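Values in this document were obtained by computation on a predicted structure and should not be read as measured data. In what follows, every heavy atom counts, from backbone to side chain, and hydrogens, waters and symmetry copies are set aside. Remember, it's 1-based here, ligands and their atoms both numbered in the order they're listed.
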Amino acid sequence: MSELITRRKLITTGLAAAAGASGLGVAAYLANRYGLQPPDHGGIYGVGETFTYVSHRLLLSDRWLAREFDRSQISKVIPVKGKTPETDAYQRLKADNFTGWKVSVEGLVERPRTFTVAELQRFPMHSQITHQACKEGWPFIAEWTGARLSDVLNAVGVLPQAKWVFFFAIDDWWDSLDLPDPRHPQTFLAYGMNGRELAPDHGAPVRLKVARQLGYKSLKFLNRITVTDTMKHIGDGLGSGSPSAGYSWYAGI
Ligand SMILES: Nc1nc2c(c(=O)[nH]1)N[C@H]1C(S)=C(S)[C@@H](COP(=O)(O)O)O[C@H]1N2
Ligand SMILES: [Mo]
């Protein structure tokens with residue numbers, strides 16, 4: 001207990017100092033001290049990214065919950081953003097009601113395997129009514145239903161050296177999370193939305209839903225999950241496609 005309090009005090013003092021002139025250097029110092037460098041820390045927004053990421057990871061509990069709403073607060077109009085994959089592969093799977101869709105879970109796990117949507121539906125089903133905000137606006141509240149990613153990861157057995165979980169989609173989007181989020185109870189592999197099957201516009205047949213980060217981290221059309229201990233050699237090594245597009249890797253709310 002005392003160790004935690006001391007650590008918190010140190011960090012709070014450090015972050016308070018960070019508001020001052022030599023400010024962001026303190027964030028960088030704490031990032032080094034606790035091994036909390038976001039993968040895009042070297043970019044133009046790098047120092048700010050480091051500050052946000054470090055303060056969230058050190059000051060907020062890994063179990064902190066994103067706000068949940070009542071059914072009456074579900075948005076009446078839900079924006080449609082982005083495109084549904086136009087490839088033949090996606091269209092064929094869709095025509096077959098996605099029975100052939102598979103999500104592989106591989107990398108640093110004891111028992112790599114693939115899951116069909118029906119197999120994902122055998123995990124305990126959970127729902128959350130949460131807010132999703134795109135960086136460009138278009139916020140909405142919806143009910144998401146699915147399996148907890150933590151249950152799926154427990155089923156395959158994550159190896160102790162694991163640090164990151166990468167996600168890949170059929171439209172070539174990719175992203176990653178550090179372990180607190182994949183293990184968080186509001187992080188879902190969602191296959192339902194507002195009481196129906198997930199629609200293609202929202203990522204059918206299965207998408208990641210990360211309630212504690214902005215919408216762009218919730219990868220749609222998910223078909224591969226890879227657990228790693230490094231970010232190197234995956235894409236440009238920045239942890240997701242977002243930093244190259246000008247968005248930060250960490251998008252905590
Ligand atoms: N595979 C994939 N995932 C994606 C996207 C995408 O284009 N492809 N768009 C992202 C962005 S920018 C946002 S804001 C949310 C939008 O989710 P929605 O369509 O359910 O609103 O999905 C994210 N996940
Ligand atoms: Mo977005």
Side-chain angles (χ1 to χ4, degrees), residues 40 45 49 52 66-69 73-94 98 101-105 115 117 120 126-147 149 152 164-177 181-182 184 186-226 234-236 238-253:
D40 50 350
Y45 305 115
E49 297 320 339
T52 312
R67 180 171 170 204
E68 300 207 12
F69 298 82
Q73 293 169 291
I74 291 175
S75 301
K76 305 276 179 297
V77 180
I78 294 186
V80 172
K81 297 182 292 243
K83 288 194 223 96
T84 323
E86 279 156 15
T87 55
D88 288 350
Y90 185 78
Q91 296 306 329
R92 252 182 281 124
L93 286 155
K94 184 179 153 195
F98 297 112
W101 190 274
K102 291 195 176 106
V103 180
S104 66
V105 187
F115 294 91
V117 181
L120 290 175
H126 294 277
S127 289
Q128 55 171 299
I129 302 176
T130 45
H131 183 266
Q132 178 171 292
C134 173
K135 201 129 186 173
E136 267 89 52
W138 307 103
F140 63 91
I141 293 169
E143 178 170 23
W144 304 96
T145 302
L149 177 56
V152 177
W164 316 101
V165 182
F166 277 81
F167 303 89
F168 300 89
I170 203 173
D171 64 353
D172 293 335
W173 268 57
W174 61 285
D175 216 310
S176 66
L177 298 171
D181 277 319
H184 187 265
Q186 289 171 315
T187 300
F188 287 10
L189 298 186
Y191 45 74
M193 183 185 172
N194 291 342
R196 295 159 168 253
E197 270 173 22
L198 188 65
D201 281 337
H202 294 285
V206 51
R207 78 177 299 172
L208 178 67
K209 188 72 205 115
V210 193
R212 299 198 303 178
Q213 297 205 36
L214 290 176
Y216 66 85
K217 296 294 284 187
S218 286
L219 211 75
K220 308 197 267 191
F221 324 110
L222 179 72
N223 62 5
R224 183 157 67 94
I225 298 175
T226 305
I234 303 179
D236 47 17
L238 298 179
S240 81
S242 306
S244 2
Y247 297 128
S248 55
W249 167 78
Y250 180 70
I253 52 172

Would you mind checking which non-hydrogen protein atom is closest to [atom], with the distance to 0.1 Å?
atom                    : answer
atom 8 (N) of ligand 1  : Asp171 OD2, 2.7 Å
atom 12 (S) of ligand 1 : Tyr216 CB, 3.5 Å
atom 22 (O) of ligand 1 : Arg207 NH2, 3.4 Å
atom 24 (N) of ligand 1 : Ser218 O, 3.0 Å
atom 15 (C) of ligand 1 : Gly215 O, 3.4 Å
atom 3 (N) of ligand 1  : Lys220 N, 2.9 Å
atom 9 (N) of ligand 1  : Trp173 CH2, 3.4 Å

Self-check item: Selection from His202, Lys81, Gln132 by shortest heavy-atom distance to atom 17 (O) of ligand 1
Solution: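 Of the listed residues, Gln132 has the closest heavy atom.
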
Exercise. Look at the rings of Phe140 and His202 and say which category their plane angle falls in: under 30° parallel, 30 to 60° tilted, over 60° perpendicular.
Key: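 Plane angle over 60°, so perpendicular.
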
Quiz item: Do the ring planes of Phe188 and His126 sit parallel (below 30°), tilted (30 to 60°) or perpendicular (above 60°)?
Solution: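 Because their plane-to-plane angle lies in the 30° to 60° range, the rings of Phe188 and His126 count as tilted.
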
What are the two closest heavy atoms between [X] and [Y], and how far apart are they?
X      : Y      : answer
Phe98  : Ala204 : CE1-CB, 3.8 Å
Met193 : Ala142 : CE-CB, 4.0 Å
Tyr247 : Asp40  : O-OD2, 4.3 Å
Gln213 : Ala251 : OE1-N, 2.8 Å
Ser176 : Ser240 : N-CB, 4.2 Å
Leu177 : Lys217 : CD2-CE, 4.0 Å

Pull out every atom of ligand 1 sitting under 4.0 Å from any heavy atom of [X], numbered as shown with elements.
X      : result
Leu219 : 3 (N), 24 (N)
Ala169 : 1 (N)
Phe221 : 1 (N)
Asp201 : 19 (O)

Quiz prompt | Within reach of ligand 1, part of Cys134 (heavy-atom separation under 4.0 Å) | solution =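 The answer is both.
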
Quiz item: Has Lys81 got more than 12 heavy atoms of other residues, nucleotides or ligands less than 6.0 Å from its NZ?
Solution: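 Above 12, so yes.
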
Quiz item: With a 4.0 Å cut-off on heavy atoms, is Phe140 touching ligand 1?
Solution: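 Within the 4.0 Å threshold, so yes.
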
Quiz item: Any N/O of Trp144 closer than 3.5 Å to an N/O of ligand 1?
Solution: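 No; the residue has no nitrogen or oxygen that sits under 3.5 Å from a nitrogen or oxygen of the ligand.
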
Quiz prompt | Heavy-atom donor-acceptor pair, Ser127 side chain to Thr145 backbone, under 3.5 Å | solution =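 Answer holds: no.
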
